[in-house]
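Here's the structure, in structure tokens; my notes come after.
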Amino acid sequence: MTPKVVLVTGVSRFLGGHLAARFAANPDIERVLGVDTEPPPRDLLRRMGRAEFVRADIRNPLISKVISTANVDTVVHASVTANPAGPTGRTAMKEMNVIGTMQLLAACQKSPKVQKLVVKSTSAVYGSSSRDPAVFTEDMGPKDLPSSGYAKDAVEVEGYVRGFGRRRPDVNVTTLRFTNFIGPRIDTVLTRYFALPVVPTVLGYDARVQLLHSEDALAVLERATLHDLPGVFNVGGDGVLLLSQAIRRAGRLNLPVPSAAVPTVGGFFRSARLVDFSPDQMRFLNWGRVIDTTLLKKDFGFTPRWTTQQAFDDYVSGRGLKPLIDPEMIEAAERGILDAAARFR
Amino acid sequence: MAGARVIPLHDPERDAARRSRHVEVVPEPAQQQSGTPDWERRLADLLSFARRRIAGDYQIDEFGFDRDLTENVLMPPLKPLYEKWFRVETIGLSNIPMAGGALIVANHSGTLPLDALMTSYGIASEHPASRHMRMLGADLVFRTPVLGALARKSGQTLACNPDAERLMSSGELVGVWPEGFKGIGKPFKDRYKLQRFGRGGFVSAALKTGAPIIPCSIVGAEEIYPMIGDIKALARLFGFPYFPVTPFFPLLGPLGAIPLPSKWYIEFGEPIRTDVFGENAADDPMLVFNLTDQVRETIQQTLYRLLTQRRNVFLG
């Protein structure tokens with residue numbers, strides 16, 4: 001069933017905005033509504049074309065009015081985010097994530113027109129620890145529940161979504177658990193992290209990192225909206241990078257920090273407004289996380305176009321990250337040494 | 001269930017293995033074919049390895065296994081230990097399939113898990129398919145900084161059913177030491193006495209994936225660090241499962257960490273098939289218990305047989 005009226009939350013951010021733009025370009029969809037607390041940046045707004053922007057706070061019951069008066073039949077909840085707006089934004093982010101979802105779901109439950117709900121969740125709900133299996137499937141849970149930050153928000157959001165699904169069994173609910181996004185255009189904690197000239201890591205740990213190209217993420221969200229694919233799906237690119245390997249591929253220098261000094265260093269980066277890592281993201285840098293995407297390929301019918309490695313390389317070249325040591329120099333040095341060796345023969 | 005097993009006094013396979021070792025001594029003429037000398041080719045390998053590492057140009061699998069690093073950096077230092085120090089002799093390598101999932105179950109001993117390292121080196125270097133054994137390790141290993149990262153890079157993963165099943169169903173050779181710390185940290189007087197085999201989780205994982213179980217008996221590892229005491233207070237202080245006291249450790253300090261050069265035998269027994277029990281075999285606890293016992297008994301009997309054949313701990 002192709003939806004008639006789509007409401008997208010979080011349109012002033014990359015995913016929500018570009019998703020609204022994709023729906024606006026689709027002639028089968030009659031109306032596209034974008035909701036956010038602040039207007040999207042101008043270039044994003046231009047892309048969104050005929051999509052209408054509604055400046056509303058989903059934490060406010062007003063959202064209910066928007067949904068019922070516009071006869072919204074499909075809601076894409078893409079505003080749950082891991083990136084706080086500023087150094088003090090974490091409380092606001094939590095409110096937005098959790099209270100916002102509650103209000104939005106309450107509004108959806110009241111409106112009989114709503115037929116479909118697509119929720120952008122995260123694989124952070126699986127947590128990250130040394131006692132976890134190497135690869136998470138959809139039926140697994142975290143070993144210890146994330147106690148703070150984005151991961152906890154996402155767990156709570158998913159709980160409310162499940163509750164909504166029970167109360168409105170007629171609505172198709174698709175929950176998408178994304179890995180971290182990467183790409184030349186998207187701006188996340190991780191893209192800022194890898195752009196640092198010297199990248200701090202935790203000494204003695206090397207996380208397995210699975211990434212998803214932001215274009216693939218958009219395609220998955222679009223597919224979930226245009227088709228009826230209820231369920232919970234892991235979404236991530238194929239393959240895995242080690243954190244140290246990713247840093248090398250980006251041509252950065254790795255600065256191992258002893259675990260005891262990690263909070264201090266994290267605090268420095270936060271106050272310098274370089275990268276703002278929450279404790280659960282710090283844990284992610286210790287252990288990493290890999291998810292199984294068999295269901296995505298088989299049941300959901302989507303295979304990501306970029307593997308983790310390709311997505312990362314696309315990010316590196318798209319951002320124009322200059323490696324500190326030129327790879328051509330290394331190759332030249334290799335050839336030079338071999339030539340010298342051949343002369344000694 | 002299993003019935004009585006016939007244990008030959010002179011294992012033809014083992015004799016064959018002994019004979020084949022003599023054949024191997026003949027130097028391979030293939031080395032000098034192109035004009036470039038050996039050291040130069042090795043230098044080229046080294047340089048291209050260094051370039052790959054600097055550029056991050058290598059592949060790891062979803063468990064974090066870094067084949068490039070394992071084959072070029074982690075494995076080579078084990079060679080002298082395997083060939084010269086312990087003079088490991090493998091028996092029945094042909095019981096390990098050339099491809100496809102299989103589960104190697106072995107006895108654990110020696111205070112430090114050198115037996116696991118030697119078994120995995122033995123299979124990688126002597127098995128015709130040079131397969132990498134993916135071992136299931138304790139939670140403690142992966143919690144420890146450096147060690148945990150190294151364990152993942154060398155292909156090990158946490159001992160849990162989802163990981164074991166995932167590895168075996170993707171056709172990997174999995175190694176498990178079900179005695180765990182009870183086996184590796186047992187006192188010297190209990191040597192070659194198998195401890196409890198966990199809860200048989202490995203058997204249900206094999207049943208679920210239909211992978212054969214290959215019992216593996218290791219003789220010689222018990223004598224490398226004869227553990228005559230255990231300082232519980234220190235173990236608790238460091239968070240170790242035990243703090244070993246051997247005749248030389250901690251008495252001689254770091255010198256005491258040199259293992260005694262015992263002669264090792266690693267015997268791989270006949271595979272026990274698990275794909276003949278039908279669909280929901282893994283949910284039948286009695287079957288799981290029986291299979292666990294069968295594997296345990298096989299290893300224990302093989303250990304006794306190898307021990308009676310051994311004349312000297314150090315000379316074999």
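In what follows, chains carry the letters A, B, and so on, assigned in the order in which the sequence lines appear, proteins first and then strands, with residues in each chain numbered from 1.
Summarising the geometry, atom OH belonging to A/Tyr205 is positioned 9.5 Å from atom CZ belonging to B/Arg143; distances are rounded to the nearest 0.5 Å. Between atom CD of residue B/Gln59 and atom CG of residue A/Leu242 there is a gap of 11.0 Å, rounded to the nearest 0.5 Å. The CD1 atom of B/Ile54 lies 9.5 Å from the CD atom of A/Glu334; values are rounded to the nearest 0.5 Å. With values rounded to the nearest 0.5 angstrom, B/Leu158 atom CG is found 9.5 Å from A/Arg131 atom CZ. Note that CD of B/Glu62 and OG1 of A/Thr293 are 8.5 Å apart. Values are rounded to the nearest 0.5 Å. Atom CZ of A/Phe344 sits about 11.5 Å away from atom CG of B/Leu43, to the nearest 0.5 Å.
Heavy-atom distances place both the backbone and the side chain of B/Asp57 under 4.5 Å from chain A. Contact annotation for A/Val290: only side-chain heavy atoms (C-beta onward) come within less than 4.5 Å of a heavy atom of chain B. When heavy atoms are compared at a cutoff of 4.5 Å, B/Arg53 approaches chain A by way of both its backbone and its side chain. If you measure heavy-atom distances from A/Leu203 to chain B, the contacts under 4.5 Å come from the backbone alone. In this structure, chain B has heavy atoms under 4.5 Å from both the backbone and the side chain of A/Pro133. Both the backbone and the side chain of A/Ala342 come within contact range of chain B, with heavy atoms under 4.5 Å apart. Proximity to chain B is limited to the backbone of A/Asp132, based on heavy atoms less than 4.5 angstrom apart. Only the side chain of A/Arg208 comes within contact range of chain B, with heavy atoms under 4.5 Å apart.
In B/Lys182, the NZ atom is crowded: over 12 heavy atoms of neighbouring residues, nucleotides or ligands sit closer than 6.0 Å. More than 12 non-hydrogen atoms from other residues, nucleotides or ligands lie less than 6.0 angstrom from CZ of A/Arg185. Few gaps surround NZ on A/Lys297; more than 12 heavy atoms of other groups in view lie less than 6.0 Å from it.
Listed in order of number, the residues of residues 110-120 of chain B that approach chain A to under 4.5 Å between heavy atoms amount to none. Contact annotation for residues 250-267 of chain A against chain B (heavy-atom separation below 4.5 Å): no residues qualify. Within residues 298-318 of chain A, the residues approaching chain B closer than 4.5 Å by heavy atoms are, in numerical order, A/Gln309.
Side-chain atoms of A/Ser130 and B/Asp139, non-hydrogen and from C-beta on, do get closer than 4.5 Å to each other. Side-chain contact between B/Lys153 and A/Ser244: present, with at least one pair of heavy atoms (C-beta onward) separated by less than 4.5 Å. For the pair B/Arg166/A/Thr137, a side-chain contact is recorded, criterion being any heavy-atom separation below 4.5 Å from C-beta on. At least one side-chain heavy atom of B/Ile60 sits less than 4.5 Å from a side-chain heavy atom of A/Gln245.
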Q: Could you please spell out the steps behind the side-chain contact (heavy atoms from CB on, under 4.5 Å) verdict for A/Ile337 and B/Leu47?
A: CA-CA 9 Å; A/Ile337 296 174; B/Leu47 286 174; 3.7 Å; yes
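No donor-acceptor pair under 3.5 Å is formed between the side chain of A/Arg248 and the backbone N or O of B/Ala55. Listed for the B/Asp163 side chain is a donor-acceptor partner under 3.5 Å among the backbone atoms of A/Ala134.
Interface summary for chain B: among A/Asp206, A/Val202, A/Asn286, the most heavy-atom pairs under 4.5 angstrom belong to A/Asp206. Of the listed residues (A/Ile330, A/Leu338, A/Val240, A/Asp238), the one with the most heavy-atom contacts under 4.5 Å to chain B is A/Val240.
Nearest approach of B/Glu40 to A/Ala341, heavy atoms of both residues: OE1-O, 4.1 Å. Nearest heavy-atom pair across A/Trp287 and B/Phe142 is CZ3-O, 3.1 Å.
Contacts classified as ring pair (Phe, Tyr, Trp, His ring centres under 6.0 Å) and involving residues 51-78 of chain B (residues at least two apart or in different chains) are given here: B/Phe65-B/His132.
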